[in-house]
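Proteins get letters first, then strands, A, B, ... in listed order; numbering begins at 1 in each. Note: hydrogens, waters and symmetry copies are ignored here, and every other heavy atom, side chains too, is used.
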Number of protein chains: 2
Amino acid sequence: MVGNHSPAKEAPHARPHPAERHSRLPAPSARPACGGQVSHALARVARSHRTTAGHLLRRLGLYPGQELLMMRLWEAGPQRQSELIKLMELDPSTVTRMVQRLEQAGLISRCAHPGDRRAVLIETTPAGEALREEVEQVWRDLEERTVAGLTEADRAELSRLLSLLERNLATG
Amino acid sequence: MVGNHSPAKEAPHARPHPAERHSRLPAPSARPACGGQVSHALARVARSHRTTAGHLLRRLGLYPGQELLMMRLWEAGPQRQSELIKLMELDPSTVTRMVQRLEQAGLISRCAHPGDRRAVLIETTPAGEALREEVEQVWRDLEERTVAGLTEADRAELSRLLSLLERNLATG
DNA sequence: GCCCATTACTTGGCCAGCCAACATAATGGT
DNA sequence: ACCATTATGTTGGCTGGCCAAGTAATGGGC
């Protein structure tokens with residue numbers, strides 16, 4: 001991975017005082033007049049989607065989010081970090097760190113921008129380039145799995161609606 | 001936020017599924033260059049949505065994600081942590097830490113489960129209860145902003161499609 | 001009674017992402 | 001030339017979220 005893992009230890013605590021309240025309420029998933037039908041669904045689906053992407057990307061040594069940055073580089077070639085930030089709509093600090101990790105992983109490299117000493121130029125390394133096919137395959141798999149069972153019309157409709165939502169949320 | 005920082009005053013702070021349908025799958029239509037149309041849109045919209053939620057929740061001293069846990073407690077009353085984990089479909093460790101922070105913020109309290117010394121019962125505190133109206137208002141606002149401009153039919157359709165996606169991603 | 005799988009939770013570690021504050025470098029105006 | 005403004009990145013700090021690994025308590029089988 002572009003990182004790694006490890007173990008654990010113990011801990012205390014525990015507070016007395018039961019007071020056992022039996023609040024057996026109605027079924028958990030009643031769809032109450034809970035304000036956010038679409039919001040909830042969107043959040044759940046997106047998290048699930050991201051987690052699935054994570055599992056697939058894992059074998060390639062990437063974390064979800066990193067593949068998007070790589071894809072931008074593959075498609076648009078070497079570019080300024082500020083360009084990545086703008087296009088991916090991420091916080092500058094997020095990109096800075098992601099870039100640091102990807103560089104350390106040997107997938108990209110940073111170099112000074114000739115002509116603007118503030119800027120950093122970012123480009124893929126051969127190792128990074130080598131991941132392209134696999135990552136794109138992962139995305140095809142993911143997309144297929146995501147919209148499985150939807151008709152062509154459904155997919156188009158979904159894209160249309162998501163675009164509307166994106167517009168709504170952008171302007172605010 | 002709920003974790004630390006501060007705000008203005010004190011104590012509690014200031015910091016702050018529907019339908020389904022048939023559909024036969026057609027040939028893997030040749031998609032545009034970019035493999036994940038829906039996937040990309042979904043990811044972008046969801047991130048934007050979450051960020052927007054974050055801005056709204058911020059004034060209440062909450063981080064996005066925490067409000068969902070509170071809402072479950074408000075709706076279903078005191079319950080085991082394992083129940084929250086199951087219903088929210090989160091990793092146990094995620095809930096453990098979220099609960100620790102919310103407890104430290106004074107919004108919920110943990111106590112031993114009488115009869116099962118492994119379990120932890122979680123309930124809202126008065127301070128937590130006091131946030132309910134505001135949080136629910138935030139969610140109504142968020143939902144409204146999210147689906148603004150969509151017809152009733154569009155909203156229903158969107159919910160339907162998202163449910164399908166959820167099902168697709170769950171089984172895998 | 002005794003042993004073991006299961007359940008419930010916790011900690012360590014790592015990542016994306018955000019905000020705030022900061023250091024530099026380029027630019028524009030006067 | 002000089003200085004304020006803008007552009008570009010970076011670091012610190014905090015969150016949600018995941019995985020791996022570990023501690024306890026429960027419950028079942030023998």
For [X] and [N], is the shortest distance between a side-chain N/O and OP1 or OP2 below 4.0 Å?
{"X": "Q66(A)", "N": "dA16(C)", "result": "yes"}
{"X": "Q81(A)", "N": "dT10(D)", "result": "yes"}
{"X": "R110(B)", "N": "dA8(C)", "result": "no"}
{"X": "R97(B)", "N": "dG16(D)", "result": "no"}
{"X": "H55(A)", "N": "dC19(D)", "result": "yes"}

Residue that, paired with V45(B), satisfies side-chain contact (heavy atoms from CB on, under 4.5 Å) out of L161(A), L164(A), L165(A), N168(A):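 Testing each of L161(A), L164(A), L165(A), N168(A) against V45(B), the sole residue satisfying side-chain contact (heavy atoms from CB on, under 4.5 Å) is L165(A).
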
Let's see if you can work this out: which of [options] has an atom nearest to the side-chain heavy atoms of [X]?
{"X": "Y63(A)", "options": "dC14(C), dT11(D), dG16(D)", "value": "dC14(C)"}
{"X": "S82(A)", "options": "dC9(C), dG9(D), dC14(C)", "value": "dG9(D)"}
{"X": "T96(A)", "options": "dA16(C), dC9(C), dT11(D)", "value": "dT11(D)"}
{"X": "K86(A)", "options": "dG16(D), dT8(D), dA20(D)", "value": "dT8(D)"}
{"X": "R58(A)", "options": "dC19(C), dC19(D), dT6(D)", "value": "dC19(D)"}
{"X": "R117(B)", "options": "dT15(D), dA25(D), dG17(D)", "value": "dA25(D)"}

Whole-Å gap separating C1' (dT15(D)) and CE (M98(B)):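 In whole Å, dT15(D) C1' and M98(B) CE are 9 Å from each other.
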
Rounded distance in Å - CD1 (I122(B)) to P (dC9(C)):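 Value for this atom pair: 7 Å.
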
Sugar-phosphate, base or nothing in reach of L90(B), heavy atoms under 4.0 Å: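 Since only primed, P, OP1 and OP2 atoms lie under 4.0 Å of L90(B), the category is sugar-phosphate.
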
